[in-house]
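Structure first, commentary second.
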Amino acid sequence: MRDDQATATAPLFREVPTQPDYRALEAEILDFWKRERVFERTQERDGPEFVFYEGPPTANGQPALHHVLARSFKDLFPRYKTMRGYHVTRKGGWDTHGLPVEISVEKKLGLLGRNHGASREELEEFNRLCRESVWTTIQDWNYFTERLGYWVDLGDPYVTYTNDYIESVWNLLRRLWDRGLVERDYKVVPLSPRISTTLSKAELGEEDSYQWVDDPSVYVRFPVKPETTPDAVRAALTGQGVDLASLDGLALVVWTTTPWTLPSNTMAAVNPELTYVVARSPMGPVIVAEDAVERLSALRPKEAPLEVLARLRGRDLEFWGYQQPYPDVVKDLGVEGRSTAHSDGEDAGSAPRMHFVALADFVTADDGSGVAHEAPVYGAEDLELSRRYGTPLVFGTDDHGRMTVTHEKGQFFKDADKGLIRDMKDRGLMYHAGTIHHRYPFHDRTGDPILYFAKPSWYVRTARMSGRLVEENEKINWVPANIKHGRFGKWLEGNVDWAISRERYWGTPLPFWMAEDGSDVVCVGSVRELSELAGRDLEGLDLHRPYVDDVTFERGGKVYRRVPEVLDVWFDSGSMPYAQWHLMQDPDGEVVSGGEQFQKHFPADFICEAIDQTRGWFYSLHAISTLLMDQPAYRNVICLGHIVDEHGKKMSKSKGNVVQPLPMFDRYGADSVRWYMFTASEPGDQKRFSERLVGEAQRGFVNTFYNVYGFFNLYANIDRPDLTNAPAVSERPEIDRWLLSRLEETKRDVTDGLERYDARRAARALERFTDDLSNWYVRRNRRRFWRGGASGAESAGRADSAAAYATLHEALVTVAKLAAPFTPFLADVVYRDLARVTDPQAPESVHLCAWPEFDPARHDERLVREMDAVLRVVDLGRAVRGQHNLRARQPLPKVLVRARTADDTAALGRLRDQIAEELNVKDVELLDPYASVVSYTLRPNLPVVGRTYGKQVPLLKQALAEADTAAVARAVRDGQNFTVSAEGHDFHLTPESVLVDARSPQGLAAAEEGGDLVAFDTTLTRDLVLEGLARDLVRAVQDTRKKAGFDVSDRVRLALDLHGDTLEAARAWQDLITSETLAHDLSYGPADGYEAESDVEGGRVYLHRVG
RNA sequence: GCGGGAGUAGCUCAGCUGGUUAGAGCGCACGCCUGAUAAGCGUGAGGUCGGCAGUUCAAGUCUGCCCUUCCGCACCA
């Protein structure tokens, strides 16, 4: 009857092979998306805007595993928000400027580290190659992006090298300029001296550039000028009975490892928190840190050790003037550089301009004398200090590392040390000259020591806006939260000015035109403005070097030329909220272009990149928007950890441990790789990637989902249930309503997780549900699916089957929707196959569907709790059977159960059929929670009693241990208060304040865990033994069917050649055996010519397919 | 050196505002189950929750110091 229908018509649903071919399924979905323009349709649909920014990758590198991570997350939330009815513009973007591009071209040309600005032609060619090189791997990127299922509009991306983009960036710089936030100032950069080339961090290399070398370690006397002695010092000395006048020749002992910088000295720095001493030394009275006294004594072991005369606080030494060893230098140079005092450096007015003691936290007494020599043009921290004190800059070398002062003039800086040391010795200024073995950086290409050197640079004055940056950061939701006040927050607090210029070639040219005498700078805010200045139409001019450098103009009788530097690429990427729409504003703030799109897409609701962007993109976005828009550029940000190999090592080409993403997609499917990314660890934590773990992720969710889907289709195609006519939920069995309640919970939990940008929490809820679905619901209800409820009363069986199909169908379709943002391929496979049976109007793709909303009315919390008790008891029961070697197929007469609470135990009674079937027992009996077979132990309910009894808890424990457990158990059962006592102290307790645990009854196969208890009556009757054997037989026949490759709906003729008990069991349970195994008829004795046969305990079975 | 993260079973990781006997998955051994599932279930071995102090009736959880490791920033007189 049913069989005939089934074979006569095409299957309702896709026939799902047992072995999933995810690669093929995903290819099919990709094809469908493309054909039906599914992504495009989400872009065309209306809805409130959820703003997402694509952090631009550099297209000239290969897409790698960390891009899978980032892009999985970048895809997840926009897909989710789209299903919630938002419109999410997903404009792609490419970072195209900067050093990586330059280096790749240099490598190709074999011109590493060369100066490409040598000639106009060379630069033109170089930049042309850079522009091309940007797109060398674009095909790989396009394929990779599609294959991962990352929906982003690559047809209309923003590209940072386009004229429009550059012009917008100029416009932003101009707006900063107009606010007085752009300035030229010195910056200490690492220089490869002989070739006078500024090195980037990449070129400086990681560890290789630091080498162990012997350098001078010199202690120099800087005699103080008595008339400048600070009052605090005078007072302190007087207080300690030391007469300043008696300290003839009193000198600071200053330490340095770079004697060649001494001519450039402008300050001596002490730590304000340290204690300094005035001490008698072999070279007269000296000032050093107290903690350095012994070290200095040891330097001259043959002479008397230092004798401390007085102690001084470091902070009191400030502004004490001294005589530096090369006072003439300043005169000779006429003092290069202006005062760089900040407006807040008030003290600078009355104090000497240089050669005095300054206070600096970075000074320690761990090495040297505790007094640091400061030559600010040769150190970043020193330059910072110099700014604070407003001292002039004194250059003792040129930018090729040649000395420009003293008798060492013309010498390479490192070679000047010797002469200077000798000179100072001769002049009696050298307290001690030794050597130190330490690490110093070298340029690996030239072999020269690095020269840290102050060069003019362009800055955005972010440091003075630090407070604002911190304030605006408060409005950002960081995932993980610690980044907000940790890595990012700390970085903002200690913010230094943003050096935006680079002495490079391929980048956004700085739009600064400088008068030839350096007296004036014009910041150009648009091409039109530049055209006006230049007096010719520059529309269409390539805004890159060298073309833009050709543009000069005259103003006030002076010729203006563009400064040579290009812009830091981070400024490029941080400009994307504006430049991706070619936002342009007039100097008066009037929007000229891009305003509408910009308004709609600012700020971002969500961005996501890896943690290395805290000082990169996350910062540049934040800095620019805080300075110009007075608000953050993004509201939520996920900051991902890095991916390392399975041993925790960084993946690198040289180590050969790089995992390519594409083979992973092919082997496991993009869905499984994505699922791994979402669930493997907290997003901010580092991930140890291994293929094995992708396989685990696959088994954890993807396979389970797929298998349940396959199960549904297998039987639905046989039974052809009418899913449009499902029984009302209230009419369905408890287990169906349980599943649907769990489904509601899952909707709620997945939604909550995603709303909090907690992908892992959401994924876990989904994983838990599919596990319940597969390993409890489907397994428990298998019979309701096969043979359409043919057993039992016909109509009742059919209704029951319909309920099961409807329930499972709904669960699968809903899981598909919930999973859609995570595993977009499989979700669409399942959805497209199943959803439209019940709703012909349903959208074609799951990604066009509305998000499933939690419906409290369908959530029966009590039922979930009760079923949970059943699950626990069944698990426990199975454990007991295992422990006592009670085969599951052997029916047992009775199980005694009790759950941890009275309510749960009552629920076990209501759901006893589930338990009986699952544990294969004839009867389920609720164990009276306080039955006499059971003994008890008492535990205090600590969260309850801890609050009220506090320190008395140990005594209470003792009281419970000594109490009459049976009496307490009775009281608790009856809800009565009771009293226990110890050491004369009475505790009057409520039933809630104590936990009563049952002990496994003696003589029964039993186990107890967490208050749940299960005990089996193991008395076997002859009938039970035979039934067990019959079930073994069924199982054996099924196994034979399966091994013979029979279809699940094939009817068979069955012959059994058995003896002994097995034969008797077969005869007794003949109906069960034939109905369970779809046997038309059953004969006994050996049979010939059957298709399948196999040995079983007690004989042999023969099978023949019929029909 | 400074800042941040991490340290829980052989591996990958959970463990909420302190609370009862610290868990899951994988792997291993043994067993069970299986007519959807290359799945599933159970038992066992395997833990000084990185270490030491402290706070508390009670610490994997809070505080301090230290160790290891990863990341970032420095490398400095």
Side-chain angles (χ1 to χ4, degrees), chain A residues 16 18-19 210 254-258 261 268-269 360 362-364 366-369 371-375 378-382 438-441 452 480 482-483 486-488 490-491 494 611-612 614-615 641-642 644 646 648 650 679-682 684-688 690 692-693 695-696 699-700 703-704 706-715 760 764 771 774-775 778-779 782 785-786 875 878-883 885-889 939-947 949-957 995 997 1009-1010 1034-1035 1037-1039 1041-1042 1046-1049 1076-1078:
Chain A
V16 179
T18 314
Q19 279 310 295
Y210 277 83
V254 171
W255 183 59
T256 181
T257 58
T258 55
T261 63
F362 59 77
V363 176
T364 71
D366 300 343
D367 299 295
S369 61
V371 184
H373 146 67
E374 293 294 312
Y378 301 113
E381 274 182 327
D382 315 73
H438 69 165
R439 277 153 35 97
Y440 194 87
Y452 288 94
N482 65 284
I483 307 283
R487 188 173 287 210
F488 195 67
K490 293 267 159 58
W491 161 250
I611 191 160
D612 51 352
T614 37
R615 268 135 201 199
H642 285 125
V644 295
E646 55 189 316
K650 209 165 152 179
T679 56
S681 66
E682 286 299 321
D685 286 353
Q686 190 179 69
K687 281 184 181 51
R688 290 194 175 197
S690 78
R692 209 190 77 241
L693 293 171
E696 266 184 41
R699 282 195 295 280
N703 278 351
T704 311
Y706 178 90
N707 286 331
V708 175
Y709 162 62
F711 171 87
F712 177 87
N713 283 18
L714 179 63
Y715 290 104
R760 199 175 188 205
R764 280 218 184 121
D771 187 58
S774 174
N775 290 316
V778 171
R779 197 168 48 77
R782 269 185 295 218
F785 291 93
W786 70 66
D875 273 349
R878 282 199 284 243
V880 174
R881 290 192 80 121
Q883 277 165 356
N885 264 327
L886 302 165
R887 295 176 7 260
R889 262 181 260 112
R939 286 179 297 150
N941 190 359
L942 285 174
V944 174
V945 300
R947 231 156 267 141
Y949 293 99
K951 291 192 192 219
Q952 296 177 319
V953 166
L955 195 58
L956 174 59
K957 277 183 177 164
L995 299 169
D997 295 322
E1009 183 177 287
V1034 168
R1035 151 85 190 126
V1037 175
Q1038 304 290 36
D1039 200 44
R1041 284 182 58 117
K1042 195 177 182 181
F1046 290 5
D1047 208 70
V1048 290
S1049 56
E1076 285 292 307
T1077 62
L1078 293 189

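As a basis for the values below, the full set of heavy atoms in this structure was taken, side chains included, without hydrogen atoms, waters or symmetry mates. All chains are named by letter (A, B, ...) in the order of the sequence lines, taking the proteins before the strands, and each is independently numbered beginning at 1.
One P atom belongs to B:U17, the other to B:A53, and the distance between them is 27 Å to the nearest Å. Rounded to a whole angstrom, the distance from the C1' atom of B:C11 to that of B:G47 is 14 Å. Rounded to whole Å, the C1' atom of B:G40 lies 35 Å from the corresponding atom of B:U48. Comparing B:A74 with B:G3, their C1' atoms are spaced 10 Å from each other, to the whole Å. Remark: the separation of the C1' atoms in B:C65 and B:G72 is 24 Å, to the nearest Å. Atom name P, nucleotides B:C62 and B:U20: the rounded distance is 15 Å, in whole Å. Comparing B:C70 with B:C76, their C1' atoms are spaced 25 Å from each other, to the whole Å. B:C2 and B:G44 are spaced 49 Å apart, taking the C1' atom of each and rounding to whole Å.
Note on A:T679: nothing from the nucleic acid sits closer than 4.0 angstrom, heavy atoms only. Base contact: A:V778 has a heavy atom under 4.0 Å from a base atom. A:E682 comes within 4.0 angstrom of the backbone, heavy atoms only, and of no base. Residue contacts shown for A:V363 include a base, since a base heavy atom lies under 4.0 Å away. Nucleic acid contact class of A:N713 (heavy atoms, under 4.0 Å, all strands): none. Residue-level contact check: A:R487 touches the bases, meaning some heavy atom is under 4.0 Å from a base atom. Among the atoms of the strands shown, none is found under 4.0 Å from any heavy atom of A:S690. Nucleic acid contact for A:L995: base, since at least one base atom lies under 4.0 Å from a heavy atom of the residue. A:A680 comes within 4.0 angstrom of the backbone, heavy atoms only, and of no base. Using a 4.0 Å heavy-atom distance criterion, A:D612 is classed as making no nucleic acid contact. Counting any heavy atom pair closer than 4.0 Å across all strands shown, A:G946 reaches a base atom. A:G710 comes within contact range of no nucleotide atom at all, as no heavy-atom separation falls under 4.0 Å. Across all strands shown, A:P940 has heavy atoms under 4.0 Å from base atoms, whether or not it also approaches the sugar-phosphate.
Listed here is the closest heavy atom pair of A:A360 and A:A269: CB-CB, 4.1 Å. When all heavy atoms are compared, the tightest approach of A:V254 to A:A372 is CG1-C, 4.0 Å. Here the closest heavy-atom approach between residue A:A680 and residue A:R760 is recorded as O-NH2, 3.7 Å.
Atom CG of A:D1039 and atom OG1 of A:T1077 lie 13.0 Å apart (nearest 0.5 Å). How far OG1 of A:T261 is from OH of A:Y378: 8.0 Å, rounded to the nearest 0.5 Å. Residue A:L693 holds its CG atom at 11.0 Å from CZ of A:R688, rounded to the nearest 0.5 Å. Atoms CZ and OG1, on A:R487 and A:T614 in that order, are 5.0 Å from each other to the nearest 0.5 Å. The NZ atom of A:K490 sits 11.5 Å away from atom CD1 of A:I483, with the distance rounded to the nearest 0.5 Å. Taken to the nearest 0.5 Å, the OG1 atom of A:T18 stands 7.5 Å off from the OH atom of A:Y706.
Side-chain proximity of A:R764 to B:C76, B:C33, B:C13: nearest is B:C13. Of the candidates B:C75, B:U37, B:C57, B:U37 carries the atom nearest the A:R782 side chain, counting heavy atoms from C-beta on. Residue A:R889 has its side chain nearest to B:U34 when only B:G19, B:C76, B:U34 are considered. Between B:C13, B:C33, B:A38, one nucleotide has an atom nearer to the side chain of A:R887 than all others, and that is B:C33. Closest to the side chain of A:K490, from the set B:C32, B:G3, B:C57, is B:G3. Closest to the side chain of A:N775, from the set B:U20, B:G40, B:U34, is B:G40. Distance from the side chain of A:D685 is smallest for B:G5 among the nucleotides B:G40, B:U20, B:G5.
Between the side chain of A:R881 and the main chain of A:R887, a donor-acceptor pair closer than 3.5 Å is present. Side chain of A:N707 to main chain of A:N703: a donor-acceptor pair is present (N/O by atom type, distance under 3.5 Å, no hydrogens or angles).
With the nearest nucleotide of RNA chain B identified for both A:S681 and A:R878, A:S681 has the one nearer the 5' end. Taking the nucleotide of RNA chain B with the nearest heavy atom to each of A:V945 and A:D1047, the more 5' of the two is matched to A:V945.
Rounded to a whole Å, the CG atom of A:N703 is 17 Å from the P atom of B:A36. What separates CD of A:E381 from P of B:C2 is a distance of 13 Å, to the nearest Å. Atom CZ in A:R779 sits roughly 12 Å away from atom P in B:A36 (whole-Å rounding). One interatomic measurement links the two molecules: CG of A:N941 to P of B:A58, which rounds to 18 Å at whole-angstrom precision. Between the CZ atom of A:R881 and the C1' atom of B:G42 there is a distance of 12 Å, given to the nearest Å. Rounded to a whole Å, the CG atom of A:L942 is 7 Å from the P atom of B:U20. As rounded to whole Å, 11 Å separates atom P of B:A36 from atom CZ of A:F785. The separation between A:E1076 atom CD and B:U34 atom P is 11 Å, rounded to whole Å.
In terms of phosphate contacts, A:Y715 brings a side-chain nitrogen or oxygen within less than 4.0 Å of OP1 or OP2 of B:A36. Listed pair A:R615 / B:G72 fails the phosphate criterion, with no side-chain N or O lying under 4.0 Å from OP1 or OP2.
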### Query
Taking only Watson-Crick and G-U wobble pairs with both distances under 3.5 Å, what dot-bracket line describes RNA chain B, where [ ] shows pairs that cross earlier ones and | shows pairs with another strand?
(((((((..((((.....[...)))).(((((.......))))).....(((((..]....))))))))))))....
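Outside the 6.0 Å centre-distance limit, the rings of A:F712 and A:F785 are not counted as a close aromatic pair.
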For nucleotides 21-26 of chain B, which of its nitrogen or oxygen atoms have a protein nitrogen or oxygen under 3.5 Å away, and what is each distance?
unit_1	atom_1	unit_2	atom_2	d
B:C26	O4'	A:E696	OE2	3.2
B:C26	O2'	A:E696	OE2	3.3

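For A:S774 and B:A36, a side-chain-to-base donor-acceptor distance below 3.5 Å is present, hydrogens and geometry of angles not being considered. For B:A6, its base never sits under 3.5 Å from the side chain of A:Q686 at any donor and acceptor pair.
Using a 3.5 Å distance cut-off with no hydrogens or angles, the side chains of A:T257 and A:H438 do not pair a donor with an acceptor. With hydrogens and angles left out, the side-chain atoms of A:N775 and A:D771 include a donor and acceptor closer than 3.5 Å.
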